[in-house]
Amino acid sequence: MTTPERSLGPPALAGPATRVTAPAVAPVRPLSDETLVLHGEYLTVPTYDRAALTPAVVHLSVGGFHRSHQLTYFDDLAQLGISTGWGVVGVGLRHRSMHEALAPQDHLYTVVERSPDGERARVVGVMIDYHFAPDDPDAVLDRLTDPRTRMVTMTITTAGYPLDPHTGEFDDSAPDLHSDLADPTRPCTTFGYLVEALDRRRRAGTAPFTVVSCDNMHRNGDATRAAVVGLARRRDEVLARWITDRVGFPSSMVDRITPQTTDAERAAVASRYGVEDRWPVITEPFSQWFIEDDFRDGRPPLDRVGVRFVPDVAPYELMKTRLLNASHSALGYLGTLAGYARIDDLMGDDVFAAYAARLMDAEVTPLLPRPEGVDLDEYKAVLLQRFANPAIGDRLHRLCRRGSTKMAHHLLPSVRESLARGVRPPLLTLAVAGWIRWLQLHDAVEDDRGEELRALARAGGADPRPLLAVRPVFGDLGDDAAFVADLAAALRGLVRDGVRPTVAAAVRRSRAGHR
């Protein structure tokens, strides 16, 4: 069986309404319910009655990825006429910009899927409302408490989970959590909203919703449960036990490359499809979603539109995070150091294409369980094609963001596991050296630990030990003398010989050592 993939959407979206190119002249009109029928001449638009959708799903922290991924699946359900029972309400937690973009266009937006063979565009209409939480926390809590709300999804990034990075236990040191405890009716955090809403449902005798994390982290359902129960326990042990016994926290694996939208892409959507969209989404055709089958109040029939419900998501999650996400980080840092700006251009360089393939084949795949129904060789081949997709042109600077979180969750676990098996992984080690060198050379670091890590990387020079002493990121890797020596040698090679020659030499040595 091959890798489950929803590459071009369900059959009902194929045919005359699906176009690779739009008519040459499309009058530019604002996007709204009123103009949908006119936009339908140039791209796929919702054919279902948006007013009939039941607000059953609340999504916390709406960004580009959520709109390219989870919302399109729910939109497919409505578009196919399977169910009107799974409308989505979005919630913003930190930034007002998404609300300002979506509200004037009735929460409609455009998704453009681009491949080397062309593109297709659709308007997604399944989001029926949106709240910016700091402006109206009562509205968010009312929505979460509404008996019609049966599922809460979230994309808050791994940095948003108040957990000890090594033990996985709840960590209440963040000031916002103190505010959540001081006044639960005015939450500041995702988990403050979840706990208060669940407490209100408990007191009202309303069934709890199911919480589905869509963040790239190991066992994200367990992480969400630990954070929610941990905060609840600080409030009320009875509430914590009720959540433990009654609330489902299925882990999930999500996958779709979605770059940040640029002004040029907004203009392209307007000129090509006639859609004046304040915040369209550009993405690839490939999309995957695996969810553990642990729903307590009914589950949406997402399996009808390509989602896989599985008993255990861990093998699929490890496959994705350690192959895709870890490779993204490795290529982001090394590629930027080599002077590249886009990953498709980088993959056009034989040295880096060989590095990515060898990294996955020789150093990551041997550590992975075999996910049922997935051919890992096929998955990796498709992954390399996705990286090389010139129609997406993912920017390397996006891949370099939040390195302390991404490296700790996606790449360093493979290093640690290799060393535990007595194997020294030169290509993974080179990726870590690339990150250190990148920290030394860049002043603008988008990372919660950016200032600290940059200062330590520069202070150490060719000696990585000062940086490795940051145990919340590196754990005990700094205690492994052989790894420290290998990392220092890789760092010296990048400085002395240059990035491309060092990468090429590492690939040659890897091949020679794994014959």
Full working for side-chain contact (heavy atoms from CB on, under 4.5 Å) between Phe387 and Leu346: CA-CA 9 Å; Phe387 289 170; Leu346 180 67; over 6 Å; no
Is the closest basic N to carboxylate O distance between Glu292 and Arg219 below 4.0 Å? yes
Among Asp76, Thr44, Thr72, side-chain hydrogen bond (donor to acceptor under 3.5 Å, both in side chains) partner for Arg122: Asp76
Could you tell me if Lys406 and Asn216 have a donor-acceptor pair between their side chains, going purely by distance under 3.5 Å? no
Within-4.5 Å side-chain heavy-atom neighbours: Pro371 and Phe290: no
side-chain hydrogen bond (donor to acceptor under 3.5 Å, both in side chains) assessment of Thr110 paired with Asp277: CA-CA 7 Å; Thr110 314; Asp277 187 340; 2.9 Å; yes
Can you confirm whether Asp448 is buried at CG, in the sense that more than 12 heavy atoms of other residues, nucleotides or ligands lie under 6.0 Å from that atom? no
Is there a donor-acceptor contact under 3.5 Å from the side chain of Asp255 to the main chain of Gln288? no
How many angstroms lie between CG in Leu337 and OG1 in Thr502, if you round to the nearest 0.5 Å? 10.5 Å
Ile291 vs Val313, side-chain contact (heavy atoms from CB on, under 4.5 Å): CA-CA, chis, key distance, verdict: CA-CA 6 Å; Ile291 312 176; Val313 84; over 6 Å; no
Steps toward side-chain hydrogen bond (donor to acceptor under 3.5 Å, both in side chains) verdict (Ser68, Arg256): CA-CA 8 Å; Ser68 79; Arg256 194 171 210 187; 5.0 Å; no
Can you check whether Asp222 reaches Phe249 side chain to side chain, under 4.5 Å on heavy atoms? no
Quick one: do the His410 and Thr321 side chains pair a donor with an acceptor below 3.5 Å? no
Any donor and acceptor pair, going by atom type alone, linking the side chain of Ser213 with main-chain N or O of Gly221 inside 3.5 Å? no
Using the salt bridge (Lys or Arg N to Asp or Glu O under 4.0 Å) criterion, which residues pair with Arg266? Sequence neighbours excluded. Asp263
Looking only at atom types and distance, does a side-chain atom of Gln440 sit under 3.5 Å from a main-chain N or O of Gly461, one as donor and one as acceptor? yes
Between His59 (side chain) and Ser61 (backbone), is there a donor-acceptor pair under 3.5 Å? yes
Would you check, one step at a time, whether the test side-chain contact (heavy atoms from CB on, under 4.5 Å) holds for Asp479 with Arg471? CA-CA 10 Å; Asp479 298 334; Arg471 288 186 176 262; 2.9 Å; yes
With sequence neighbours left out, what residues match Asp164 under salt bridge (Lys or Arg N to Asp or Glu O under 4.0 Å)? none
Applying salt bridge (Lys or Arg N to Asp or Glu O under 4.0 Å), name anything that partners Arg492, two or more places apart in sequence or on another chain. none
Within a strict 4.5 Å, meaning less than it, do heavy atoms of the Cys214 and Trp289 side chains meet? yes
State, with a plain yes or no, whether a side-chain heavy atom of Tyr109 is found less than 4.5 Å away from one of Arg278. no
Thr283 side chain to Glu113 backbone, donor-acceptor under 3.5 Å: no
Supply the atom-to-atom distance Leu412 CG to Ser404 OG, rounded to the nearest 0.5 angstrom. 10.5 Å
Determine, using ring centers only, whether Trp279 and Tyr130 are less than 6.0 Å apart. no
Please check if the side chain of His69 supplies one atom and the backbone of Phe65 the other of a donor-acceptor pair under 3.5 Å. no
Step by step, work out the side-chain contact (heavy atoms from CB on, under 4.5 Å) result for Lys380 and Leu384. CA-CA 6 Å; Lys380 289 182 289 185; Leu384 293 173; 5.7 Å; no
Could you check whether Arg458 pairs with Asp443 (Lys NZ or Arg NE/NH1/NH2 to Asp/Glu carboxylate O, under 4.0 Å)? yes
With sequence neighbours left out, write down each residue that passes ring-ring contact (aromatic ring centres under 6.0 Å, His included) with His39, or none if nothing qualifies. none
Who are the salt bridge (Lys or Arg N to Asp or Glu O under 4.0 Å) partners of Asp171, not counting sequence neighbours? none
What closest approach, in Å, do Tyr355 and Ala330 show between heavy atoms, and which atom pair accounts for it? OH-CB, 3.8 Å
Begin with the C-alpha distance, continue with both residues' side-chain angles, and end with the deciding distance and a verdict on salt bridge (Lys or Arg N to Asp or Glu O under 4.0 Å) for Arg94 and Asp176. CA-CA 12 Å; Arg94 299 294 181 191; Asp176 283 349; 3.5 Å; yes
Anything under 3.5 Å between a donor and an acceptor, one on a side chain of residues 395-403, the other on a protein residue two or more places apart or in another chain? List them.
unit_1: Arg398; atom_1: NE; unit_2: Asp394; atom_2: OD1; d: 2.9
unit_1: Arg398; atom_1: NE; unit_2: Asp394; atom_2: OD2; d: 3.4
unit_1: Arg398; atom_1: NH2; unit_2: Asp394; atom_2: OD2; d: 2.5
unit_1: Arg401; atom_1: NE; unit_2: Glu446; atom_2: OE1; d: 3.3

To the nearest 0.5 Å, what is the distance between CG (Leu467) and CG (Leu477)? 11.0 Å
Consider only side-chain N and O atoms of Thr262 and Glu265, and report whether a donor and an acceptor are under 3.5 Å apart. yes
Distance-only, no hydrogens or angles: does the Glu284 side chain make a donor-acceptor pair with backbone N or O of Ile257 under 3.5 Å? yes
Nearest 0.5 Å please: distance from the CZ atom of Arg322 over to the CG atom of Leu367. 6.5 Å
Looking at His442 and Trp438, would you say the former's side chain and the latter's main chain have a donor-acceptor pair under 3.5 Å? yes
Only one of Val269, Val28, Val112 passes side-chain contact (heavy atoms from CB on, under 4.5 Å) with Val275, and that residue is Val269
Is there side-chain contact between Val281 and Val124, with at least one heavy-atom pair below 4.5 Å? no
Would you compute the distance between atom CG of Leu163 and atom CG of Asp172 and round it to the nearest 0.5 angstrom? 11.5 Å
Heavy atoms, side chains only, cut-off 4.5 Å: are Tyr340 and Val499 in contact? no
Within the side chain of Arg370, is there an N or O that forms a donor-acceptor pair under 3.5 Å with the backbone of Leu368? yes
Does the side chain of Phe474 come within less than 4.5 Å of Met407's, by heavy atoms? no
Would you check if Met154 and Leu194 make a side-chain contact, meaning some heavy-atom pair closer than 4.5 Å? yes
Under 3.5 Å, is there a donor-acceptor pair between the side chain of Asp312 and the main chain of Ala314? yes
Run the numbers on Asp480 and Arg424 for salt bridge (Lys or Arg N to Asp or Glu O under 4.0 Å), then give the verdict. CA-CA 11 Å; Asp480 189 308; Arg424 294 161 71 173; over 6 Å; no
Supply the atom-to-atom distance Gln70 CD to Met127 CE, rounded to the nearest 0.5 angstrom. 10.0 Å
Which label fits Phe286 and Tyr379: parallel for a plane angle under 30°, tilted from 30 to 60°, or perpendicular past 60°? perpendicular
